[in-house]
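Every heavy atom of this structure was used, including side-chain atoms; hydrogens, water molecules and symmetry mates were not.
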Amino acid sequence: MVGVTATADPRAAIDAVWRIESARLIAGLARMTRDVGLAEELAQDALVAALEQWPESGVPRNPGAWLMTTAKRRAVDTFRRNERYERKLGEIGREQEFEEEPDFTAGLDDHIEDDLLRLVFTACHPVLSTEARVALTLKMIGGLQTHEIARAFLAKETAIAQRIVRAKKTLGDAKVPFEVPEGADRVARLESVLEVIYLIFNEGYSATAGEDWMRPALCQEALRLGRILAGLMPKEPEVHGLVALMEIQASRSAARVGPNGEPVLLMDQDRAKWDRLLIGRGLAALDLAESLADGAFGVYAAQAAIAACHARARTGEETDWGRIAVLYEGLGKLNPSPVIELNRAVALSMAFGPEAGLAVVDKLTSEPALKSYHLLPSVRGDFLAKLGRLDEARAEFERAAEMTGNDAERTLLLNRAADCAPGTDRG
């Protein structure tokens, strides 16, 4: 008989088990069924069964084995109904009764790393929209429930559910194989995977909408996904570059929010609150990325190198802004972008004065890609304020406040606009 573990809160135990086991479960089922959508549905069926049975029977000693056995039984039933029982039964194998504990690790350990990697590449396939890739990744690899994803992105649960259903249908209709691509296809797909993970992190680090400045749970989820990917692809420098970037940025989290939830900008942060463990992990990941690439920077490693400049400075004044400007220049060559150029302008202003930054920003005001980007008038307002052009600065801060969808950031920008009003004591 399968051993059980007593717990005062079975639902909490089930949630914890699901976060740990769901990606392995879906990955293993997808290898067996060759259908990611079906694998996810079978895993959800097993979760429902656990929710029904574990509060009464207790949590099994090997909950992953229980979930896998239950899901495989549902798979057998599904294939039987589809008149493919005999063929699929040979692939999945006959199930053991629950009275005999399944050997979960023996059945999966030979495949689990490959299966997880295949699942990551499938969930992040470019045939899906960016929004669909993010939702599917959080659902299948992150183990988040639909309502959690909806809450994280301030979306309706029905909208997220429909997005996930459409994503699985798109993968099925496109006959996307459950595999890790090779050669040029692998490079292209890896870019998509890294993009999805970093999008999740950025939404947590600087929320685009809502009341909160940050959503730490999303940052933690992206970090977990990045670390998993680094373990699965240890020879890929850009994977380590992304992990380095997220570790170092996440190290500032406690210092980025004030006592009332208000944003605290980089130069105003108490660096004693920065997490030195995360910084150390980030710098180690950056060193690894550089060594794997023979010192050459990829897009994420270059951004991590910029973040490292801040992490190594004991105070804002000690920051090597000249090097940061050079790094942004190199990053712009790797990935030409007006947003990167805007960041370079900030570095130039810190290194050589606000006039240097304003000269770059003024050239970006006609850039179509930045037409609705609130940080352009925000940065320009900062330069103008430092130059004493307060009326112009106030107008820029007010314009930026109108453009942002984040309530905390809007308050910050309106306060900066008020500071530029005539007669305001700025000292």
Side-chain angles (χ1 to χ4, degrees), residues 11-12 14-30 33-54 67 70-71 74-75 77-78 81-82 116 118-176 178 192-193 195-204 207-212 215-222 224-225 405:
R11 179 57 190 258
I14 293 169
D15 287 344
V17 168
W18 181 254
R19 290 290 170 85
I20 295 169
E21 299 289 352
S22 60
R24 291 164 56 92
L25 182 62
I26 295 169
L29 290 166
T33 64
R34 315 307 296 180
D35 185 330
V36 172
L38 176 59
E40 201 267 338
E41 291 171 10
L42 293 169
Q44 288 290 330
D45 287 345
L47 173 62
V48 170
L51 290 169
E52 292 173 348
Q53 298 180 38
W54 291 4
L67 289 169
T70 300
R74 301 295 172 93
D77 291 341
T78 298
R81 287 194 301 270
N82 291 341
L116 272 175
R118 292 185 188 106
L119 184 59
V120 169
F121 273 90
T122 302
C124 298
H125 196 286
V127 74
L128 302 175
S129 69
T130 299
E131 294 80 5
R133 278 180 262 161
V134 168
L136 201 60
T137 299
L138 288 173
K139 187 77 157 57
M140 288 189 170
I141 297 107
L144 273 65
Q145 296 299 313
T146 304
H147 68 88
E148 293 175 303
I149 302 171
R151 184 170 65 246
F153 285 94
L154 304 182
K156 292 183 178 180
E157 185 174 350
T158 53
I160 294 296
Q162 290 170 359
R163 188 176 298 169
I164 291 170
V165 168
R166 286 195 298 268
K168 290 188 289 187
K169 184 177 186 302
T170 299
L171 291 174
D173 291 346
K175 294 182 171 56
V176 172
F178 186 64
S192 175
V193 171
E195 177 192 23
V196 167
I197 294 174
Y198 196 40
L199 279 170
I200 294 169
F201 181 86
N202 272 336
E203 183 59 31
T208 55
E211 298 179 358
D212 297 327
R215 295 181 193 140
L218 279 180
C219 291
Q220 290 301 316
E221 192 56 44
R224 188 172 75 86
L225 292 172

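Gln145 places none of its side-chain heavy atoms less than 4.5 Å from the side chain of Glu157. Looking at Phe178 and Asp35, their side chains never come closer than 4.5 Å, going by heavy atoms from C-beta outward. Side-chain atoms of Val134 and Ile200, non-hydrogen and from C-beta on, do get closer than 4.5 Å to each other.
Here the closest non-hydrogen pair linking Ile14 and Ala50 is CD1-O, 3.6 Å. In terms of heavy atoms, Ala43 sits closest to Leu29 at N-CD1, 4.0 Å. Minimum interatomic distance between Thr137 and Cys124 (heavy atoms only, all atoms of both residues): OG1-SG, 3.3 Å. Between Ile141 and Ala123 the shortest heavy-atom distance is CD1-CB, 3.7 Å. Closest heavy-atom contact between Leu67 and Val17: CD1-CG1, 3.9 Å. Taking each heavy atom of Gly204 and Leu218 in turn, the nearest pair found is CA-CB, 3.7 Å.
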Decide side chain to side chain contact (heavy atoms under 4.5 Å, CB included) for Lys139 and Gln44; before the verdict, give the C-alpha distance in whole Å, the side-chain angles of both, and the deciding distance to 0.1 Å. CA-CA 11 Å; Lys139 187 77 157 57; Gln44 288 290 330; 3.0 Å; yes

Side chain to side chain contact (heavy atoms under 4.5 Å, CB included) between Leu199 and Glu203, intermediate numbers included: CA-CA 6 Å; Leu199 279 170; Glu203 183 59 31; over 6 Å; no

For residues 158-172, which side-chain N or O atoms pair as donor and acceptor with protein atoms under 3.5 Å away, sequence neighbours left out?
unit_1: Lys168; atom_1: NZ; unit_2: Glu40; atom_2: OE1; d: 2.7
unit_1: Lys169; atom_1: NZ; unit_2: Asp173; atom_2: OD2; d: 2.7
unit_1: Thr170; atom_1: OG1; unit_2: Arg166; atom_2: O; d: 2.8

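Going from atom CG of Leu42 over to atom CG of Leu47 covers 12.5 Å, rounded to the nearest 0.5 Å. Taken to the nearest 0.5 Å, the CZ atom of Arg74 stands 7.0 Å off from the OG1 atom of Thr70.
Residues passing the ring-ring contact (aromatic ring centres under 6.0 Å, His included) test with Trp54 are Trp66, sequence neighbours excluded.
Partner of Leu136 under the side-chain contact (heavy atoms from CB on, under 4.5 Å) criterion, out of Val196, Leu128, Thr122: Leu128 alone.
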